[in-house]
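Accompanying notes for the structure given below.
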Amino acid sequence: MGKLTQFITHPFELRAAVILKCIRKPLFSVKDTTETPDLKQCYKLLKLTSRSFAAVIMELNPELRNAVMLFYLILRALDTVEDDMSIAHDIKVPLLRDFHKKLSLDDWSFDGNSPDEKDRAVLTEFNSILHEFHRLNREYREVIIKITKEMGNGMADYILDEEFNLNGVQTIKDYDMYCHYVAGLVGDGLTHLMIIARFASPELIKRPELFESMGLFLQKTNIIRDYAEDIEAGRSFWPKEVWSIYGEKLTDFQSAKNTKQGVFCINHLVLNALEHVTDVLTYLSSIQEQSSFQFCAIPQVMAIATLALVFNNENVLHTNVKIRKGTTCDLILKSRTYKGCVDIFEYYLRDIRKRLNVEDPNYLKFNIHVAKIDQFIEEMYQDNLPQGVKPNKTEIYLKVTERTKFDNTVDDVQYEEVYKFNMVLTVLFSTFLGILVIYLSPSNDVNLIQ
């Protein structure tokens, strides 16, 4: 009843769910995902390890789909080695450092995970991944090997870092570096894959801070949201440089008497994450192929919606909060255009500012930073210029103007989807009224009496 109640109380989200599940058409066929037994097995592993990632990867252009799918599975295998506490360090560390070398082998698999490790199949079935990996374009393979090497070494370094293992993340600089190895490198790899496919502007290579921010924005959002879960597991990813301002110990925020300070700490970390927003919007304006744009945009709009949810929310200190399923459907549909993404960011930034408590120690900083983002967004479109004044052709204005050409086609598709939904709703409502009229008609009453 929970989901049903949510949809009844949020009818526009119900509409979004129906359009997404029943009316919207995928951009590409997925028939080529079963070309070989190994490829079929790889996509089975993808769905087994992550339904959400599987959904967005399946929507990608076939030119890029297999490369991204294999990139995800290889990093998932790497992560499964790193996460498994049952693997001894003298086995784990060398394996992580040399994992990229396994990608040059014809066959290799690993069955040293705990039987309880939920993603162990990615490693036991790694032969299928290798066989399909060797069928990829050489340039794609080189990117994946490079990122796997960097991430594996980063993971090994953190395992051997006694200070990190004992006390967690210390400084904001450490926080950014941790997020770089966990997510920034993924953004790096995906950007290079899209550029090789000619789906993104080559200029992105010259702006590493942009794809770095794409990863850090997502990872920081997850770290803020997962506080209670991480504390329960004995992990610590909130940087001490921030949380020590508000409490003596990170676990103190779970006490009722420290709730207010805990919320201030959450908000401080949200402010830190918002520093990446202009980079994220700039990056998205440089993606030129529609399925790649949607692949990049969906996680980012989910992140800003999640940041708004955790902001000023004391529940984060005790449980894992999530956005509603209907909200997710609505965000997926709206984020198919660049303007839709910008509107989503503006909506949630207004929501954050509206709920900002004047007592918050970062009240002024929040207002200044959100105002800067607003100004950046105004620069994109420059719609309200006085008559006769020409737009200032800044880099972001020119990028957005070019990106808008792609959006126009999607606007027509969205209009058609809503039209079909309204037609179906009209038919259903008319049919219901017809049945109701027949049932309540006087002749029907007579028949019932007889």
Side-chain angles (χ1 to χ4, degrees), residues 38 41-50 53 67-134 136 140-170 174-175 177-186 188-189 215 219 222-223 226 229-237:
D38 283 324
Q41 177 64 16
C42 287
Y43 278 101
K44 181 180 177 181
L45 290 171
L46 176 67
K47 293 173 183 176
L48 181 70
T49 54
S50 175
F53 264 108
V68 173
M69 176 271 293
L70 291 166
F71 185 38
Y72 172 81
L73 288 179
I74 288 165
L75 295 188
R76 172 58 67 186
L78 192 67
D79 192 53
T80 303
V81 172
E82 193 267 344
D83 276 349
D84 193 338
M85 295 297 104
S86 70
I87 303 175
H89 282 190
D90 59 344
I91 296 174
K92 181 184 291 188
V93 171
L95 182 55
L96 291 173
R97 293 204 189 280
D98 291 340
F99 201 88
H100 65 286
K101 295 178 182 178
K102 310 302 181 189
L103 302 181
S104 300
L105 302 177
D106 292 329
D107 291 287
W108 179 83
S109 61
F110 180 76
D111 64 355
N113 286 105
S114 164
D116 299 327
E117 175 55 54
K118 63 182 180 66
D119 293 331
R120 72 188 312 271
V122 182
L123 286 155
T124 58
E125 301 291 329
F126 204 77
N127 280 337
S128 293
I129 297 172
L130 281 176
H131 297 163
E132 289 304 317
F133 177 75
H134 292 307
L136 289 179
Y140 290 149
R141 296 200 308 270
E142 288 175 352
V143 169
I144 294 172
I145 290 171
K146 173 181 176 292
I147 299 301
T148 303
K149 180 179 180 180
E150 291 184 39
M151 187 173 287
N153 277 295
M155 287 176 170
D157 289 344
Y158 276 108
I159 289 171
L160 298 176
D161 187 339
E162 293 183 7
E163 174 67 20
F164 173 79
N165 292 315
L166 192 63
N167 300 313
V169 176
Q170 295 295 295
D174 294 338
Y175 184 45
M177 183 57 69
Y178 174 79
C179 292
H180 163 75
Y181 279 112
V182 175
L185 285 174
V186 178
D188 184 348
Q219 188 61 29
N222 291 339
I223 286 174
D226 294 343
E229 183 180 303
D230 288 335
I231 290 296
E232 184 178 351
R235 299 186 295 256
S236 172
F237 298 111

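In this structure, CG in Leu46 is found 7.0 Å from CE in Met69, a value given to the nearest 0.5 Å. Note that the SG atom of Cys42 and the NZ atom of Lys47 stand 12.5 Å from one another [nearest 0.5 Å]. Of the inter-residue distances, the one linking Lys149 atom NZ with Asp98 atom CG reads 10.0 Å to the nearest 0.5 angstrom. How far CH2 of Trp108 is from NZ of Lys101: 13.5 Å, rounded to the nearest 0.5 Å. Taking CZ of Phe133 as the start and CG of Leu105 as the end, the distance is 11.0 Å to the nearest 0.5 Å. Between atom CZ of residue Arg76 and atom CG of residue Asp119 there is a gap of 5.0 Å, rounded to the nearest 0.5 Å.
Contact check on Glu150 versus Lys146 returns a salt bridge, with a Lys/Arg side-chain nitrogen under 4.0 Å from an Asp/Glu carboxylate oxygen. Residues Lys118 and Asp84 are not paired through a salt bridge, judged by the lack of any N-O separation under 4.0 Å between the basic side chain and the carboxylate.
In this structure, Val169 and Phe164 approach most closely via the heavy-atom pair CG2-CE1, 3.7 Å. Between Arg97 and Asp157 the shortest heavy-atom distance is NH2-OD1, 2.9 Å. Considering every non-hydrogen atom in both Leu73 and Val122, the closest pair reads O-CG1, 3.4 Å. Residue Arg120 comes nearest to Ser114 through the heavy atom pair NE-O, 3.3 Å, listed as atom of the first residue, atom of the second, then distance. The two residues Asn113 and Ser86 have their closest heavy-atom pair at C-OG, 4.4 Å. Closest approach of Ile87 and Val81 over heavy atoms only: CD1-O, 3.8 Å.
Two residues are said to be in side-chain contact when any heavy atoms from C-beta on lie closer than 4.5 Å; Lys102 and Leu95 meet this criterion. Looking at Asp79 and Met155, their side chains come closer than 4.5 Å, going by heavy atoms from C-beta outward. A 4.5 Å side-chain heavy-atom check between Leu96 and Glu82 finds at least one atom pair inside the cut-off. Here the side chains of Thr80 and Phe110 are not in contact, with every heavy-atom distance at 4.5 Å or above. Side chains of Leu70 and Tyr140 form no contact here, defined as non-hydrogen atoms less than 4.5 Å apart. Put simply, the side chain of Glu229 does not reach to within 4.5 Å of the side chain of Glu232, judged on heavy atoms. Side chains of Thr148 and Leu75 form a contact here, defined as non-hydrogen atoms less than 4.5 Å apart. Under the 4.5 Å side-chain criterion, counting only non-hydrogen atoms from C-beta, His131 is in contact with Asp107.
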Practice item. Please step through side-chain contact (heavy atoms from CB on, under 4.5 Å) for the pair Leu103 and Arg141, ending with a clear verdict. Key: CA-CA 9 Å; Leu103 302 181; Arg141 296 200 308 270; over 6 Å; no
Practice item. Starting from the C-alpha separation in whole Å, work towards a yes-or-no answer on side-chain contact (heavy atoms from CB on, under 4.5 Å) for Phe237 and Asp226. Key: CA-CA 9 Å; Phe237 298 111; Asp226 294 343; over 6 Å; no
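Using modelled atom types, one side-chain atom of Tyr158 and one backbone atom of Tyr178 make a donor-acceptor pair closer than 3.5 Å.
The aromatic rings of Phe99 and Phe126 lie perpendicular to each other, with more than 60° between the two planes, well past the 30° mark.
Taking a 6.0 Å sphere around CD of Glu163, one finds it holds more than 12 heavy atoms contributed by other residues, nucleotides or ligands.
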